[in-house]
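As structure tokens, the structure follows; a few thoughts come after it.
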Protein chains: 2
Amino acid sequence: MSHIIAVDIGGTHIRVALYGPEGTQPVRHRRVETQTYRGRLFEGLAAQIKSLWPAEEEVVAIGVASPGPLDPETGIILSTPNIPEWVDFPLGPKLAERFGVPVHVDNDANLAALGEWRFGAGRGHEHLVYLTISTGIGGGVISHGRLLHGAQGLGGELGHVPILPDGPLCSCGRPGHLEALASGPAIVRYVQERMASGAETALKSTMRVDARAVADAARKGDTLAREAFARAGKYLGLAVAGFLHIFNPSILILGGGVAQSGDLLLGPLQESLQTQLLNPAYLHHLTITTASLGDDAGLLGALALARLKRP
Amino acid sequence: MSHIIAVDIGGTHIRVALYGPEGTQPVRHRRVETQTYRGRLFEGLAAQIKSLWPAEEEVVAIGVASPGPLDPETGIILSTPNIPEWVDFPLGPKLAERFGVPVHVDNDANLAALGEWRFGAGRGHEHLVYLTISTGIGGGVISHGRLLHGAQGLGGELGHVPILPDGPLCSCGRPGHLEALASGPAIVRYVQERMASGAETALKSTMRVDARAVADAARKGDTLAREAFARAGKYLGLAVAGFLHIFNPSILILGGGVAQSGDLLLGPLQESLQTQLLNPAYLHHLTITTASLGDDAGLLGALALARLKRP
């Protein structure tokens with residue numbers, strides 16, 4: 001029976017799983033720290049895939065969720081910050097050659113969107129916008145029942161829409177992108193800057209300020225911490241208003257760790273969204289919800305991709 | 001032989017044309033001032049269509065470009081500023097009932113995009129972003145060879161992406177949308193505000209300041225006029241950077257009167273775009289060009305729509 005191997009290459013872990021022809025429960029599953037294979041990731045990945053390969057069953061395809069930017073048509077990784085040896089790296093072709101099966105590659109945020117659409121919070125929707133808010137902000141869009149890629153597969157970069165002209169620098173080096181205003185590090189940076197200029201906060205006694213610590217402090221009523229989430233939520237609301245006007249989705253799915261902070265973020269997001277809408281009709285058939293697949297979204301998206309591409 | 005009637009309902013003119021089974025030259029064509037039918041637009045429109053109806057040939061469909069927002073699935077106009085009697089108005093169904101043929105309705109900017117894609121500057125592209133910059137800013141997107149509509153047909157409103165938080169009010173009543181920063185009236189408003197606060201400009205001697213007068217003054221070297229176009233171009237560049245990150249199109253088409261101002265607008269647009277791009281790859285296979293169908297874009301889009309929907 002036709003099995004599929006799905007791979008999710010994350011900043012901290014690589015996950016590889018073998019799936020049967022139906023369902024989303026893996027037959028076997030491996031999880032290794034990405035650091036383990038530093039400088040020789042391809043060989044490490046190939047060894048993991050080999051270790052899962054079934055003796056008795058046929059594997060018909062491999063699906064891979066990788067950090068980008070990458071070309072989903074060719075399976076070539078253009079470059080990716082955490083894996084310096086992968087520059088113009090033909091990941092898809094190399095895996096296909098090694099294992100003798102078709103290999104389908106797409107970026108992690110696109111595949112998380114695809115995973116949520118096929119198996120998670122987005123089931124049944126033809127028009128879906130997915131945002132993952134954590135260390136960065138990634139996006140994936142399903143439009144008319146199809147994952148949006150653009151001409152070279154570089155579309156769907158929703159974290160890099162300009163939101164605040166001349167705003168803080170983004171991880172990509174450009175000013176004022178959404179990611180620079182509403183990701184976890186952006187929330188932390190705002191708190192640190194305000195602390196440096198003397199703002200009062202319970203976080204002064206915290207050893208390590210990260211987005212989770214800010215969320216904890218905010219839940220206990222800390223003014224600066226609440227302000228930091230309110231600011232991120234405000235800018236997210238602006239961006240989301242734009243996405244609604246552009247895509248008119250029936251569902252907006254928020255994934256990633258920062259989206260777990262609940263009303264701290266969602267309250268200001270909704271408030272800011274309301275101040276920006278062209279027409280209330282954009283909300284009439286819209287569901288706003290958090291992702292339901294958690295850390296499995298990328299892996300299940302890679303599975304969904306391989307199944308969708310099955311001839 | 002199967003003919004098609006195309007209709008373009010504009011703020012100043014209504015155009016109705018009869019087309020044969022092939023080509024884009026109308027067999028017959030009418031153009032009437034929209035004002036002529038004030039308060040009874042539907043009856044006037046129906047009379048124009050009837051006057052074009054061929055005696056000997058079969059008409060298989062009517063395509064209509066209308067101001068929106070509207071529902072392209074049902075052909076119902078939700079409301080439209082210039083035609084107060086059309087609120088939740090079933091334009092498509094009423095025309096279909098009157099003439100006994102399928103009627104396909106979509107909004108004017110979407111159909112201008114479709115027209116440019118099938119017959120104009122966008123031929124051969126699968127991923128196209130169209131912006132029309134005139135009294136307002138409208139948009140239309142072709143993604144994976146399909147016009148993007150969204151769940152209720154309200155997508156593609158590219159003029160209403162938030163660009164400047166707390167910026168000037170848009171025609172839709174919301175602050176800081178692209179249309180409020182880069183449309184013709186936005187350019188004029190900026191000049192007038194600067195004039196009111198004492199800025200020097202040759203436009204002081206001009207009876208009526210409109211976007212064309214500002215463009216003329218800018219071409220003669222007027223500092224304030226050049227500044228007004230530079231400002232609009234800057235904000236357009238921010239928006240376009242976002243559209244490239246979102247859609248990764250292979251062509252960006254700029255239509256509408258303000259886009260005719262050439263380098264006055266396009267220079268600053270390109271400069272600002274460059275400061276915002278996540279990756280230079282977004283420009284590698286991108287054509288930026290002006291629209292080629294002029295005032296015919298909506299009519300030809302309505303024709304293209306009716307032909308695409310032909311069973």
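Reminder, nothing fancy here: chain letters follow the sequence lines and each chain counts from 1.
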Check whether [X] gets within reach of chain B through its side chain, its backbone, both or neither, counting any heavy atom under 4.5 Å.
| X | value |
| --- | --- |
| A/Leu147 | backbone |
| A/Ser143 | side chain |
| A/Ala239 | neither |
| A/Asp71 | neither |
| A/Gln274 | backbone |
| A/Pro249 | backbone |

Just give me the residue among [options] that pairs up with chain B most often, heavy atom to heavy atom, under 4.5 Å.
| options | result |
| --- | --- |
| A/Pro69, A/Gly159, A/Ser250, A/Ala281 | A/Ala281 |
| A/Gly242, A/Gly176, A/Ser79 | A/Gly242 |
| A/Ile163, A/Leu164, A/Thr275 | A/Thr275 |

| said: Just verifying a value: how many Å separate A/Cys172 SG and B/Asn279 CG, rounded to the nearest 0.5 Å? | reply: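 So the SG of A/Cys172 and the CG of B/Asn279 are separated by 9.5 Å.
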| query | Is any side-chain heavy atom of A/Ile246 less than 4.5 Å from a side-chain heavy atom of B/Leu158? | reply |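 Side-chain contact under 4.5 Å: yes.
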| field | Residue pair B/Pro165 / A/Leu238, side-chain heavy-atom distance below 4.5 Å | value |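 Result yes, sub-4.5 Å side-chain heavy-atom pair found.
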| Atom CD of B/Glu85 with >12 non-hydrogen neighbours under 6.0 angstrom |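 Counting neighbours around CD of B/Glu85, more than 12 heavy atoms of other residues, nucleotides or ligands fall under 6.0 Å, so yes.
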| So, for A/Asn248 and B/His149, which heavy atoms are closest and what is the spacing to 0.1 Å? |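 Distance-wise, the nearest heavy atoms are OD1-O, 3.9 Å.
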| task | For residues A/Leu277 and B/Arg174, report the shortest heavy-atom separation together with the two atoms involved. | result |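 Heavy atoms of A/Leu277 and B/Arg174 come nearest at O-NE, 2.7 Å.
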| task | Quick one: list whatever passes side-chain hydrogen bond (donor to acceptor under 3.5 Å, both in side chains) with B/Ser272, sequence neighbours left out. | result |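 Testing B/Ser272 for side-chain hydrogen bond (donor to acceptor under 3.5 Å, both in side chains), a comparison that skips the adjacent residues, returns none.
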| Partners passing side-chain hydrogen bond (donor to acceptor under 3.5 Å, both in side chains) against A/His245 (at least two apart in sequence or in another chain) |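 Partners of A/His245 under the side-chain hydrogen bond (donor to acceptor under 3.5 Å, both in side chains) test: none.
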| request: Scan side-chain atoms only and decide if A/His127 and B/Gln152 contain a donor-acceptor pair under the 3.5 Å cut-off. | output: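 The criterion, which ignores hydrogens and geometry beyond distance, is not satisfied for B/Gln152 and A/His127.
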Counting heavy-atom pairs under 4.5 Å to chain A, which of [options] comes out on top?
| options | answer |
| --- | --- |
| B/Gln276, B/His285, B/His125 | B/Gln276 |
| B/His144, B/His284, B/Glu157 | B/His144 |
| B/Leu78, B/Val161, B/Leu148 | B/Leu148 |

| query | Does any heavy atom of chain A fall under 4.5 Å from the side chain of B/His177, the backbone, both, or neither of them? | reply |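 When you check distances to chain A, only side chain atoms of B/His177 fall under 4.5 Å.
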| For A/Gly155, does its backbone N or O pair with a side-chain atom of B/Tyr282 as donor and acceptor, under 3.5 Å? |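 Checked: no pair found.
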